[in-house]
Protein chains: 2
Amino acid sequence: MAKLDESLLRDLPPFSQLSKGQIRDVLDQASSKRYDPEAEIFREGYEADRFYLLLDGHIRVVRTTPEGEQIIALHIPPGQLFGIAPALQRDTYPATAFTATETLALSWPVRLWEPFVQTYPGFATESYKTLGLRLDEMQTRITELATQAVERRVAAALLRLVHQSGSQVEDGLEVAFPITRKHISEMTGTTLHTVSRLLSAWEKVGTVKSARKRIVVTNAHHLSTLSGIEC
Amino acid sequence: MAKLDESLLRDLPPFSQLSKGQIRDVLDQASSKRYDPEAEIFREGYEADRFYLLLDGHIRVVRTTPEGEQIIALHIPPGQLFGIAPALQRDTYPATAFTATETLALSWPVRLWEPFVQTYPGFATESYKTLGLRLDEMQTRITELATQAVERRVAAALLRLVHQSGSQVEDGLEVAFPITRKHISEMTGTTLHTVSRLLSAWEKVGTVKSARKRIVVTNAHHLSTLSGIEC
DNA sequence: GCCTGAGTTTGTGGTGCGACAAAGAACCTG
DNA sequence: CAGGTTCTTTGTCGCACCACAAACTCAGGC
């Protein structure tokens with residue numbers, strides 16, 4: 001296990017209200033692990049024995065249909081808790097977590113969830129707030145899938161990506177991790193072919209720039225207009 | 001306010017572990033209200049000032065798109081908490097709640113949520129378990145919307161309806177509240193026309209019986225096969 | 001460098017399902 | 001029971017999008 005520094009947690013919402021000693025305690029009980037890109041952290045349906053905090057990197061949380069198609073439920077940016085099945089009294093993970101990049105994460109055994117909630121001020125509040133945001137986003141995606149055309153859904157997905165995990169680059173906002181046309185199709189319920197066509201069209205009118213596994217949004221306003229979302 | 005009897009809560013999961021005195025306290029702080037069918041209980045975007053327990057009747061939780069289309073997020077069967085925005089640190093309701101039938105519900109001001117969680121054994125556990133189930137269902141619906149054809153989605157929606165709120169009748173399981181083709185289309189992301197055609201076809205082969213606002217599933221197995229869900 | 005595989009682009013055709021339309025059936029009110 | 005409203009059924013048409021197919025491009029390994 002890597003040596004852990006208190007400053008790792010000091011500024012992260014679930015732990016920001018804790019004293020130095022409390023942070024020390026939290027860290028003492030954590031396991032730290034580094035993952036290669038495209039590694040599996042936990043798997044859908046398996047015993048939910050730990051919960052996680054993403055320190056560095058990006059995570060894709062994925063569900064697989066009976067037919068073997070994958071759909072992306074969620075992206076986790078650094079600093080967030082994930083795999084928090086215990087918060088919802090689940091004993092198996094409802095989805096599979098893959099790393100999108102090289103990744104560093106802490107984890108704790110589920111039996112510590114309750115003590116954390118009871119003991120640490122702000123931990124419960126922040127955890128449940130995160131859950132609320134995710135629920136909200138899922139509801140929004142359901143609404144989009146149920147009512148809107150592919151172009152709007154892809155535009156909305158791109159906006160969310162750069163909003164949640166975008167890094168400022170010279171000519172716009174870039175998705176902060178490698179992402180393929182296939183991945184985007186798995187977020188929006190379409191095919192990689194359709195996504196490719198949309199990106200090509202948008203590139204022609206200067207809305208995005210893309211390369212292999214990289215996407216830069218150069219005109220977020222245009223996507224806003226297309227998707228009906230303000231940003 | 002109606003007179004409240006302790007037996008109302010004794011057998012409901014969030015309160016089942018409470019003593020008589022505790023139940024008394026919970027009831028003393030509750031407001032009880034009766035609603036007509038198709039009444040609005042709370043509205044999306046408005047201040048989330050109370051949380052609710054459905055004693056009798058059925059609730060539809062609905063989201064409205066910018067274009068004014070409605071999509072049904074959730075059905076609440078009797079005995080469940082709803083409008084539990086405070087559990088997720090939200091200060092506005094993320095959706096609107098309509099009654100599907102005549103309805104009786106209790107409610108409490110949000111400031112009591114935290115005390116309930118802290119004080120009453122089992123309350124937090126049961127509330128968060130419910131939330132987990134809803135999250136799971138939403139994830140399943142996203143997956144369906146993203147990958148499956150209309151027929152499968154409608155079959156799956158019907159199965160979920162009779163599973164969660166079905167009442168045994170002579171020739172099968174009947175959806176326990178009035179429901180139109182339009183409502184089903186708003187659960188599955190299609191049009192009432194397509195739903196009508198599907199129900200007609202299924203009626204012809206003896207899978208369902210339907211009348212105005214009523215649906216009876218007479219052959220759940222057939223729907224299972226269509227939807228790929230076991231029931 | 002060359003080779004292989006993964007990711008992307010673009011074309012062509014077919015179709016599931018939405019859009020539009022219109023009429024019928026059941027219920028509600030006075 | 002007349003008249004309106006709400007819910008349902010059924011038809012026809014068009015097209016957005018998927019399925020299939022093939023070629024192109026880039027990155028990494030040997």
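So you know, we letter chains A, B, ... as the sequences are listed, proteins then strands, and number each from 1.
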Which is true for [X] with a 4.0 Å heavy-atom rule: it touches a base, it touches only sugar-phosphate, or it touches nothing?
X: B:Thr180; answer: sugar-phosphate
X: A:Leu192; answer: base
X: A:Ser196; answer: base

Nearest-Å distance for atom pair [atom1]/[atom2], residues [X] and [N]:
X: A:His193; N: D:dA22; atom1: NE2; atom2: P; answer: 13 Å
X: A:Glu38; N: C:dG7; atom1: CD; atom2: C1'; answer: 13 Å
X: A:Leu145; N: D:dA16; atom1: CG; atom2: P; answer: 19 Å
X: B:Glu151; N: C:dG16; atom1: CD; atom2: C1'; answer: 11 Å
X: A:Ile179; N: C:dG7; atom1: CD1; atom2: P; answer: 13 Å
X: B:Lys213; N: D:dT5; atom1: NZ; atom2: P; answer: 16 Å
X: B:Leu199; N: D:dC7; atom1: CG; atom2: P; answer: 15 Å
X: B:His183; N: D:dT6; atom1: NE2; atom2: C1'; answer: 12 Å

Check your understanding: Less than 3.5 Å between a donor and an acceptor, one on the side chain of A:Arg212 and one on the base of C:dA6, is that the case here?
Key ->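 Under the 3.5 Å cut-off, the side chain and the base do form a donor-acceptor pair.
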
Using a strict 4.0 Å threshold on nitrogen-to-oxygen distance, state whether [X] and [Y] make a salt bridge.
X: A:Arg34; Y: A:Asp56; value: no
X: A:Glu69; Y: A:Arg63; value: no
X: A:Lys209; Y: A:Glu203; value: no

Exercise for review: Pick out which of A:Phe42, A:Tyr46, A:Phe51 makes a ring-ring contact (aromatic ring centres under 6.0 Å, His included) with A:Tyr93.
Suggested key: A:Phe42

Review point. Given D:dC17, D:dC18, C:dG18, which nucleotide is nearest the side-chain atoms of A:Thr190?
Key: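 It is D:dC18.
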
Respond yes when some side-chain nitrogen or oxygen of [X] is under 4.0 Å from OP1 or OP2 of [N], and no when none is.
X: B:Ser210; N: D:dT8; answer: no
X: A:Thr194; N: D:dA16; answer: no
X: B:Arg181; N: D:dT8; answer: yes
X: B:Thr191; N: C:dC17; answer: no

Check your understanding: Between A:Thr191 and A:Thr194, do the side chains contain an N or O donor and an N or O acceptor separated by less than 3.5 Å?
Key ->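 The criterion, which ignores hydrogens and geometry beyond distance, is satisfied for A:Thr194 and A:Thr191.
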
Review point. Of A:Lys182 and B:Arg197, whose closest DNA chain C nucleotide lies nearer the 5' terminus?
Key: A:Lys182

